[in-house]
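Below you'll find the structure, written out as structure tokens, and then a few comments.
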Amino acid sequence: MTKKATKFLIQETLPTELVERDQWVCWRSEKRDGKQTKIPVVPGEGSFASSTDPETWSDFETARSFVEANRADGVGFVFTEEDPIVGVDLDDCRDAETGDVDDDAQDIIDRLDSYTEVSPSGTGYHVLIKGDFPEGRNRRGQIELYDTARFFTVTGDRIDDTPGQVKRRQDALEAIHREYVQLHSENKDPERDEHTIVRNGAKTTPTASLEDDELLKKAKNASNGPKFERLWNGNTADYDSNSEADMALCCLLAFWTGGDTTQMDTLFRQSGLLRAKWDEVHYADGSTYGEKTIERAIEATSEYYDPSPRNESTQSKLETGPETTDVDTDEPDRQNTYLLEKNQLLSTRVNELEATIEQKDERIAELERQIEDLSVEPSAGSGEDNREQGQRTGGTEDNSDNTSLLNRTRRLFSGNSE
């Protein structure tokens with residue numbers, strides 16, 4: 001980062017909540033695995049820093065001075081469990097030349113309404129807020145949220161009309177996390193019964209579909225029919241924004257249509273939520289707001305309604321193909337679980353037997369050494385008189401003991417071989 005690029009990095013233009021904390025590192029851009037990566041380094045030293053080791057952090061001025069001395073490419077702020085700050089990272093949502101912003105990113109920035117700056121690449125944004133991180137995943141697509149054990153690059157290039165301080169935005173954080181990251185995963189699909197197909201891994205969709213009128217009738221009479229009807233009529237009172245209401249209705253439509261994008265679009269246009277924005281291009285790939293909303297709703301839907309008759313033969317064909325008989329689809333999972341457990345038990349038993357064999361081998365080796373010692377001839381330095389005396393006094397007893405030990409050893413070897 002050049003001095004020109006650090007012109008925004010002064011205490012007066014950065015949020016006080018960041019500058020007053022000694023949670024700063026520097027970073028260098030390096031290529032790893034063919035990709036440019038920001039590597040954290042210790043301010044004033046240049047050795048590797050860690051987002052989990054406070055000993056490698058410093059105050060803001062030390063980090064800034066290190067960058068101005070051209071010893072690093074930029075500075076970063078480390079999130080910890082002790083501070084209340086959450087970072088929202090929006091990647092690949094801004095045209096670095098024109099400054100044009102994707103619709104989703106602009107929606108998030110507007111709703112969070114806190115300190116927001118342009119990322120070092122110029123193609124994204126960093127939003128900093130105060131709040132408690134919601135339960136669930138922290139990333140989807142180009143949106144990431146962090147609150148601990150990570151560092152955010154800081155440029156100081158704040159977006160006009162955004163606050164200069166880090167604001168508490170708990171409600172907005174939860175709504176954005178639910179809408180853009182969790183994608184309404186807490187909303188149960190309308191009904192789960194014999195007509196529900198669960199998508200596991202590869203996309204699974206029904207083989208039949210409902211006509212529009214029949215679909216609307218079923219959706220309005222389902223257990224969450226009142227919610228569907230409110231959204232269908234254009235009532236957004238339960239949502240923080242029109243965009244969140246649009247997504248909620250599209251998720252319901254995705255379930256009832258089996259993820260049929262054409263039918264979803266046709267039905268949404270009949271709802272009270274339709275706005276001119278639906279057909280406006282808001283994304284760099286040329287997608288309209290409506291197209292992207294439908295795409296995200298389908299991605300978030302794990303179950304679909306299937307109006308097909310669910311008798312045994314039809315169920316068999318849908319799940320296993322025309323040549324198979326109707327089977328319990330949970331049976332393969334049970335068999336796999338049984339085999340895994342059996343393999344684990346067998347592996348444990350093999351390890352125990354190997355340890356036992358090793359102990360026996362060691363004992364056999366020890367006994368063989370004892371036999372070898374007993375078989376050695378008396379040393380040459382022993383006199384004949386001593387040998388005769390030994391034979392007269394203790395020879396009989398020693399030979400008896402030796403014979404007894406040899407016999408026990410032979411029986412041991414004989415027992416092992418059996």
Side-chain angles (χ1 to χ4, degrees), residues 101-113 140 143 171-193 195-196 205-206 208-283 286-307:
V101 187
D102 280 354
D103 187 67
D104 285 350
Q106 190 63 60
D107 178 55
I108 292 172
I109 292 171
D110 291 343
R111 289 160 64 181
L112 289 178
D113 190 27
R140 185 180 291 277
I143 302 173
D171 291 343
L173 172 62
E174 292 177 358
I176 286 168
H177 181 262
R178 179 174 65 250
E179 180 178 346
Y180 286 97
V181 182
Q182 288 296 103
L183 289 181
H184 297 281
S185 61
E186 81 288 353
N187 291 334
K188 303 300 181 183
D189 288 318
E191 290 181 332
R192 174 182 276 195
D193 55 20
H195 291 284
T196 301
T205 55
S209 60
L210 295 171
E211 295 296 329
D212 291 355
D213 291 342
E214 186 180 2
L215 184 153
L216 292 174
K217 181 179 179 180
K218 285 184 174 294
K220 291 177 181 179
N221 289 328
S223 58
N224 62 349
K227 170 186 174 181
F228 180 90
E229 195 154 13
R230 287 194 300 272
L231 289 167
W232 182 257
N233 293 330
N235 186 337
T236 63
D238 296 332
Y239 301 90
D240 294 333
S241 69
N242 290 335
S243 296
E244 189 173 351
D246 294 343
M247 173 61 84
L249 178 58
C250 282
C251 284
L252 295 174
L253 291 175
F255 173 84
W256 289 109
T257 64
D260 186 325
T261 57
T262 301
Q263 190 176 22
M264 288 174 64
D265 181 69
T266 299
L267 289 169
F268 189 92
R269 292 178 184 278
Q270 300 174 32
S271 76
L273 292 180
L274 181 65
R275 296 171 286 156
K277 179 181 179 181
W278 187 255
D279 292 315
E280 294 176 358
V281 176
H282 284 269
Y283 298 89
S287 299
T288 64
Y289 168 77
E291 290 170 339
K292 190 65 71 173
T293 302
I294 288 176
E295 177 185 321
R296 290 170 49 221
I298 292 174
E299 181 184 353
T301 303
S302 60
E303 297 178 356
Y304 295 119
Y305 181 81
D306 185 4

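Hydrogens, waters and symmetry mates are skipped; everything else that's a heavy atom, side chains included, is used.
A salt bridge between E179 and R111 is present, with a side-chain N of the basic residue lying under 4.0 Å from a carboxylate O of the acidic one. For K292 and D104, the salt-bridge test fails: no basic side-chain N is under 4.0 Å from an acidic carboxylate O.
Between the CG atom of N242 and the CG atom of L273 there is a distance of 7.5 Å, given to the nearest 0.5 Å. To the nearest 0.5 Å, atom CG of residue D213 and atom NZ of residue K218 are 13.0 Å apart.
The salt bridge (Lys or Arg N to Asp or Glu O under 4.0 Å) search around R269 returns D265, D279, not counting sequence neighbours. Residues passing the side-chain hydrogen bond (donor to acceptor under 3.5 Å, both in side chains) test with Q106, sequence neighbours excluded: D110. For D246, the side-chain hydrogen bond (donor to acceptor under 3.5 Å, both in side chains) partners are R275, Y289, not counting sequence neighbours. In this structure K217 satisfies the salt bridge (Lys or Arg N to Asp or Glu O under 4.0 Å) test with no other residue, sequence neighbours excluded. Taking the salt bridge (Lys or Arg N to Asp or Glu O under 4.0 Å) definition, one finds that D171 meets it with nothing, sequence neighbours left out. Considering only residues two or more places apart in sequence or on other chains, R230 meets the salt bridge (Lys or Arg N to Asp or Glu O under 4.0 Å) condition with D238.
Minimum heavy-atom separation, T257 to L267: CG2-CD1, 4.0 Å. When all heavy atoms of W256 and A219 are compared, the pair lying nearest together is NE1-CB, 3.6 Å.
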